[in-house]
Amino acid sequence: MKIKIVTLFKEMFIPFLETSIIKRAINNKLVEVELVDLRTYSNDKHNHVDDTPYGGGSGMVIRVDVVKRALDDIKSSASKVILTTPRGITYNQQIANKLSKEEEIIILCGHYEGFDERVLDYVDYEISIGDYVLTGGEIAAMTICDSIIRLLKDVIKEESYKDDSFQTGLLEYPQYTRPYIYDDKKVPDVLVNGNHEEIRKYRLYESLKLTYLRRKDLLDKYSLNKEEEELLKKIERETLQKK
Ligand code: 6GU
């Protein structure tokens, strides 16, 4: 996969691209990431990419002609163009899974100033990463990149993400490692007994319980199998008793 990021702040991406799993994925050629400076596509001598808004008001607006020149230069027939904006659809794992199957994506980093509305004619998706406002789309672009890159073949072992919160539709079960006792708290017995069937059942139960207690909205979308239905009934009974 190829990811092109169009931004006025390329430097923000350097530590992100040069650390840990993302760095390794790039070095192993599992993904190619290109940083594109929008300013290169300005056509005035001061390298302006924005101008004052029609109708007046404070702030500046990114010009559509500058963005279009950038896209014309870097777009291929396979590219999907994403604009990061708080107005977009809220990003989630399902969108990450879908985007991870694309050959090439271009991410246009939004800006607190905003883009000329006509930019939308050249964009496939408008994406927000949640209901809060960032000063620019760079952190959103990194979030999107990170979540996509980790899903690409050979970047991490599939076992590492198949139980992820949201990948299954349930929140992930709790994990423990050494020490066995810490501050008088022991690791649950079932995890040290070596009975794999019991461990599987315990983890499923804990996953369901966390999701039930914290994210009922996820559970409503999830289709339960027979075993999960039984476990959930038990969880419902137990929480009612506690109240
Ligand atoms: Cl994509 N951009 C900005 N500026 N703020 C956001 C966002 C994006 N997603 C959530 N807040």
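The first residue of the sequence shown is numbered 1, and numbering continues consecutively from there. In listed order, ligands and their atoms are each counted from 1. All values below were derived from every heavy atom in this structure, side-chain atoms included, with hydrogens, water molecules and symmetry-related copies excluded. No experiment lies behind these values; they were computed from the predicted model shown.
- Proximity of Ile148 to Ile105: side-chain heavy atoms (C-beta onward) are separated by under 4.5 Å at one or more points.
- The shell of residues lying under 4.0 angstrom from ligand 1, judged by heavy atoms, excludes Gly110.
- Here the heavy atom of the protein found nearest to atom 11 (N) of ligand 1 is Tyr132 O, 2.5 Å.
- Proximity of Arg39 to Leu8: side-chain heavy atoms (C-beta onward) are separated by under 4.5 Å at one or more points.
- Of the protein's heavy atoms, Pro86 CD, 3.6 Å lies nearest to atom 2 (N) of ligand 1.
- For Ile129, a nitrogen or oxygen atom sits less than 3.5 Å from a nitrogen or oxygen atom of ligand 1, counting backbone and side chain alike.
- Taking the side chain as every heavy atom from C-beta outward, Asp50 and Val61 never approach each other to under 4.5 Å.
- Counting the atoms of ligand 1 from 1 in the order shown, those under 4.0 Å from a heavy atom of Ser128 are 1 (Cl), 9 (N), 10 (C).
- The ligand atoms of ligand 1 that sit less than 4.0 angstrom from a heavy atom of Ile127 are 1 (Cl).
- The aromatic rings of Phe16 and Phe13 stand perpendicular to each other, their planes meeting at an angle above 60°, with 30° marking the opposite boundary.
- Proximity of Asp131 to ligand 1, defined as any heavy-atom pair under 4.0 Å, is not found for any part of the residue.
- Cation-pi check for Lys80 over Tyr125 is not met; the charged atom does not lie both under 6.0 angstrom from the ring centroid and within 45 degrees of its normal.
- Between Leu134 and ligand 1, an N or O atom pair is found at a separation short of 3.5 Å.
- For ligand 1, the polar-atom distance check finds no N/O of Thr84 at less than 3.5 Å from any of the ligand's N/O atoms.
- For the residue pair Ser147 / Tyr91, a side-chain donor-acceptor distance below 3.5 Å is found, with atom types taken as modelled.
- Residues Glu206 and Arg203 have side chains not in contact (no heavy-atom distance under 4.5 Å, counting atoms from C-beta outward).
- Counting only heavy atoms of the protein, atom 10 (C) of ligand 1 lies nearest to Gly130 O, 3.0 Å.
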